[in-house]
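The structure displayed is predicted, hence computed values, not measured ones. Counting starts at 1 for both ligands and their atoms, following the listed order. Atom set for the values below is all heavy atoms of this structure, side chains included, hydrogens, waters and symmetry mates excluded. Positions are given from 1 along the sequence.
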Amino acid sequence: MSMESRVLRPIWLDDNGSTVNVIDQRVLPHESIVAELRTVDHVITAIKDMFVRGAPLIGVTGAYGLFLAALNAPEGKPENDYLIQESYRLKAARPTAVNLSWGVDRVLAAILQAPLPERVNTARRVAADIAEEEVENCRRIGEHGFPLIEAVSQKKNGAPVNILTHCNAGWLACVEYGTATAPMYVAFNRGINIHVWVDETRPLNQGARLTAWELGRHGIPHTIITDNAGGHLMQHDLVDLVIVGTDRTTSSGDVANKIGTYLKALAAKDNDIPFYVALPSSTIDWTIQDGLTDIPIEKRDPSEVRYVQGLCQGRVQSVLVTPADSPAANYAFDVTPARLVTGFITERGICTASHEGLVGLFPEKNQKPTNM
Ligand code: MRU
C-alpha cells in the first residue's frame, strides 16, 4: 500500500473494521511497510518489537489491542475474566510509557460496563476516541508551544531559532503533529525561521531515521547530530531551546524519556538554555512522585546496541559494530528530575515542572499521590 495515497497516520483501522494497520517503523525511512494486526498477540509483538513506538502511539495501539481481544473472544463472548486477562498481557508489552496501561484500562473500563453484545462496538469506539483525542491534544500542544519559539525568533530578529530535540516525539510517535514537534510545525507553518538539531538517538536511531524523515517531508530545516554533540552546541550558542517528549511524567514533574535526555537537560541547565517537555496528559502518572525510584526503566535486548541497522545495497540490514564477544547493556530510558525542566507544554497550556504546576492545569487530579 502506498503511504503517499492518504493522510499519513501511523495507525488506522481497516475499512472492514476488524484489522488494525500500523506503519512498521523499524524499517523507516528506507522501506514503507504496513503491518496488519488482527490479534492481541500481533499487537503485543508490534509494541514489544517497536513496529509502533512513542508513548501516545503505544497507548492508542494498546487500546486497539483490547478491541481486538473483544472482537476475537472465545465463542464470540467477550467475558470479563478473559478481557481482564488480555488487558494484563497487553500492558506488559513495554514497561515505561504509562500511556499503554492508560489506553488499555480506559477501553477495559468502558467495555466492562457494556452488555455483552455491545462490547466489540464499544471497544472500537473508545479506541478510536482515544486516537482522536490524542490528535487534538497534540494540536493544542503545538498552539501552546508556538509562542515560546516565536519569542526567541523576535529576540533574534528573525534569525533561525535553533531547537534541539531528542528521539522521535513527532507524529510517528503519536497519531498526528507529535508532541515535541507540534510547536515546531506550527512555527514553521507560520513563517518562523527555525532549524532543528536532531539527536540521532542510539541505539535504534529514532532521531536519525524518524524525526529527520518527518521534518524533511515537511520541509523543515534540520541537521542530524550524534547524541553527544548537544553539549558542545549549547556551549557555542548554537541551541536556543530544547523540546523533548516523555514516556511517563510523575505527579511532581520528573520525566522519563529516551535514554540520553537527562544529559541534554544537564547541559541545558549549565548553559542557561530553556529545556521544555511536551506532553499530553495521558503521559502523566498521577500515582507516583519520585521518577528515579518509581518509574520502571525498560532494558532491551543488548543486540540492539551491538548491531546497527541501515540501508545496504538497497535493503535494510544489520551489521555488528562491537567485538563479537563483548557484552552490552541497553537501558532504553532515563529520568530527568523536575528541577532540570523549565516547563511542560501540555494540551491545556504551559506550566512549571512541579505538582503545583500540573494540578494548576489539571485541577481535577489534585489529590494526594496514592503510590498504588
Ligand atoms: O523507545 P521509543 O521509541 O518508544 O521511545 C520514544 C520516546 O522516548 C519519545 O520521546 C516519547 O515516547 C515521547 S513521544 C511523543
Side-chain angles (χ1 to χ4, degrees), residues 9-11 22-28 46-62 93-100 102-103 131 134-135 137-142 145 164-185 198-214 227 242-249 255-265 275-285 291 295-301 304-305 309 330-336 341 344-347:
R9 280 188 174 188
I11 190 165
V22 295
I23 295 176
D24 183 350
Q25 300 191 26
R26 297 171 307 167
V27 292
L28 283 178
I47 294 173
K48 261 191 198 295
D49 293 352
M50 293 175 65
F51 294 50
V52 291
R53 28 71 47 203
L57 180 59
I58 292 174
V60 172
T61 310
R94 281 189 84 187
T96 301
V98 72
N99 306 57
L100 178 56
W102 174 86
E134 290 296 54
V135 170
N137 287 339
C138 288
R139 192 191 67 74
R140 287 170 188 245
I141 286 169
L164 184 141
T165 193
H166 188 70
C167 195
N168 172 261
W171 62 261
L172 283 165
C174 304
V175 181
E176 286 188 29
Y177 307 110
T179 56
T181 54
M184 304 178 202
Y185 286 124
V198 178
D199 284 352
E200 63 178 347
T201 324
R202 276 281 288 151
L204 296 182
N205 290 312
Q206 289 94 327
R209 295 186 299 111
L210 307 177
T211 304
W213 182 70
E214 272 194 31
D227 286 338
V242 181
I243 311 180
V244 298
T246 167
D247 290 83
R248 190 184 295 234
T249 300
V255 166
N257 191 47
K258 181 52 57 192
I259 191 81
T261 302
Y262 170 51
L263 295 179
K264 297 300 140 57
F275 183 96
Y276 282 92
V277 179
L279 63 140
S281 51
S282 54
T283 307
I284 306 169
D285 185 343
I295 298 180
I297 298 295
E298 178 179 14
K299 265 186 91 178
R300 293 186 62 81
D301 191 323
E304 291 178 353
V305 174
Q309 179 185 288
N330 191 3
Y331 296 90
F333 299 94
D334 61 22
V335 172
T336 300
V341 179
F344 290 145
I345 311 169
T346 79
E347 71 265 26

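Contacts between Cys174 and ligand 1, counted as non-hydrogen atom pairs separated by less than 4.0 Å, involve the side chain only. With a 4.0 Å heavy-atom cut-off, ligand 1 is reached by the side chain of Pro56 but not by its N, CA, C or O. Residue contacts with ligand 1 for Val244 are absent, since no atom lies close enough (heavy atoms, distance under 4.0 Å). Here Asn168 has backbone heavy atoms under 4.0 Å from ligand 1, and that is the only part of it that gets that close.
Here the heavy atom of the protein found nearest to atom 15 (C) of ligand 1 is Thr179 OG1, 3.0 Å. Atom 11 (C) of ligand 1 has its closest protein heavy atom at Asp247 OD1, 3.1 Å. Here the heavy atom of the protein found nearest to atom 9 (C) of ligand 1 is Asn257 OD1, 3.4 Å. In this structure, atom 5 (O) of ligand 1 lies nearest to the protein heavy atom Lys258 CE, 3.3 Å.
Annotation for ligand 1: atoms under 4.0 Å from non-hydrogen atoms of Ala173 are 14 (S). Within the listing of ligand 1, atoms 1 (O), 2 (P), 4 (O) sit less than 4.0 angstrom from a heavy atom of Arg94. Numbered from 1 in the order shown, with element, the atoms of ligand 1 that lie under 4.0 Å from a heavy atom of Met50 read 1 (O), 2 (P), 3 (O). Residue contact check: Ala169 has heavy atoms under 4.0 Å from atoms 14 (S), 15 (C) of ligand 1.
Under the 3.5 Å distance criterion, with hydrogens and angles disregarded, a donor-acceptor pair is assigned to the side chains of Glu214 and Tyr185. Using modelled atom types, one finds no donor on one side chain facing an acceptor on the other under 3.5 Å when comparing Thr246 with Asn257.
Checked against Thr211 for a side-chain hydrogen bond (donor to acceptor under 3.5 Å, both in side chains), the options Thr201, Thr165, Asn205, Asn168 give a single hit: Asn168.
Using a 4.0 Å cut-off between a side-chain N of Lys or Arg and a carboxylate O of Asp or Glu, Glu176 and Arg139 do not qualify as a salt bridge.
Considering backbone and side-chain atoms alike, Ala55 places an N or O below 3.5 Å from some N or O of ligand 1.
Between Arg53 and Leu172 the shortest side-chain heavy-atom distance falls below 4.5 Å.
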